[in-house]
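Following: one structure in structure tokens, then a few remarks.
Everything quoted here is computed from the prediction, not taken from an experiment.
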Amino acid sequence: MKLTNFEKDVLRYVLTIPLGQTRTYKQVALAINRPRAYRAVGSVLRKNAFPLIIPCHRVIRSGGDLGKYSFSKISKKELINLEKKIKNVLK
DNA sequence: GCGGGCCTTCATT
DNA sequence: AATGAAGGCCCGC
């Protein structure tokens with residue numbers, strides 16, 4: 001499998017997002033030095049190679065809105081809450 | 001709520 | 001190599 005540089009950057013950053021925290025597509029784009037590629041970030045996450053090990057559900061839209069999420073039946077919000085609970089338990 | 005713009009990948013030609 | 005389409009988006013009006 002081959003990943004483009006862009007994909008690698010995105011994935012690397014996404015993997016650094018702490019448990020229970022979220023980032024917006026825009027922030028991810030900014031973090032990888034491509035301030036206007038927020039849309040492309042969505043594209044990558046959409047068909048990334050590791051849907052199950054990449055916390056794509058921690059990436060939401062600006063303004064607190066949830067984006068689409070096709071890898072699970074439950075919403076991102078549920079996942080975030082779940083992660084918060086996990087964090088509490090581990091605390 | 002609608003419309004236009006941005007960036008990358010993929011499929012065709 | 002070039003062109004066109006699509007996409008989990010964002011901002012301004």
Minimum heavy-atom separation for A/I53 to A/L15, with atom names?
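The pair with the smallest heavy-atom distance is O-CD2, 3.6 Å.
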Could you report the tightest heavy-atom contact between A/G20 and A/I80, atom names first, then the distance?
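Heavy atoms of A/G20 and A/I80 come nearest at O-CG2, 4.3 Å.
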Could you give the distance from [atom1] ([X]) to [atom2] ([Y]), rounded to the nearest 0.5 Å?
X: A/Q21; Y: A/K87; atom1: CD; atom2: NZ; answer: 6.0 Å
X: A/I17; Y: A/I54; atom1: CD1; atom2: CD1; answer: 10.0 Å
X: A/K26; Y: A/R36; atom1: NZ; atom2: CZ; answer: 9.0 Å

Quick one: list whatever passes salt bridge (charged side-chain N to carboxylate O under 4.0 Å, His left out) with [X], sequence neighbours left out.
X: A/R61; result: none
X: A/E83; result: A/R58
X: A/R46; result: none

Taking only residues two or more places apart in sequence, or in another chain, which ones meet [X] in a side chain to side chain contact (heavy atoms under 4.5 Å, CB included)?
X: A/P35; result: A/L30
X: A/F6; result: A/T4, A/V10, A/I32, A/R34, A/A37, A/A40, A/V41, A/V44
X: A/K85; result: none
X: A/S43; result: none

Sugar-phosphate, base or nothing in reach of [X], heavy atoms under 4.0 Å:
X: A/R46; result: base
X: A/V44; result: nothing
X: A/S43; result: base

5'-to-3' dot-bracket of DNA chain C (Watson-Crick, G-U; under 3.5 angstrom; crossing pairs as [ ]; | other strand):
|||||||.|||||
If we only count heavy atoms from C-beta on, is the A/Y38 to A/T24 side-chain gap below 4.5 Å?
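Sidechains of A/T24 and A/Y38: no contact.
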Name the first nucleotide and the last nucleotide along DNA chain C (5' to 3') that come under 4.0 Å of a heavy atom in chain A.
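Going 5' to 3' along DNA chain C, contacts run C/dG7 to C/dC11.
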Provide a list of protein-nucleic acid N or O atom pairs under 3.5 angstrom, restricted to nucleotides 3-6 of chain B.
| residue | atom | partner | partner atom | Å |
| --- | --- | --- | --- | --- |
| B/dC6 | N3 | A/R39 | NH1 | 3.2 |
| B/dC6 | N4 | A/R39 | NH1 | 2.6 |

I need the single residue from A/N88, A/L90, A/V89 that forms a side chain to side chain contact (heavy atoms under 4.5 Å, CB included) with A/I86. Which is it?
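Result for side chain to side chain contact (heavy atoms under 4.5 Å, CB included) with A/I86: A/L90.
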Could you please spell out the steps behind the side-chain contact (heavy atoms from CB on, under 4.5 Å) verdict for A/I60 and A/D65?
CA-CA 7 Å; A/I60 62 180; A/D65 292 331; over 6 Å; no
Enumerate the residues from residues 47-57 of chain A whose closest heavy atom to DNA chain C is under 4.0 Å, giving them by residue number; use none for an empty result.
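Only A/C56 qualify.
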Which of residues 3-25 of chain A sit near DNA chain C, with a heavy atom under 4.0 Å from it?
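Of all residues in residues 3-25 of chain A, the ones placing a heavy atom under 4.0 Å from DNA chain C are A/Y25.
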Between atom CG in A/D65 and atom C1' in B/dG1, what is the gap in whole Å?
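Rounding to the nearest Å, CG of A/D65 and C1' of B/dG1 are 13 Å apart.
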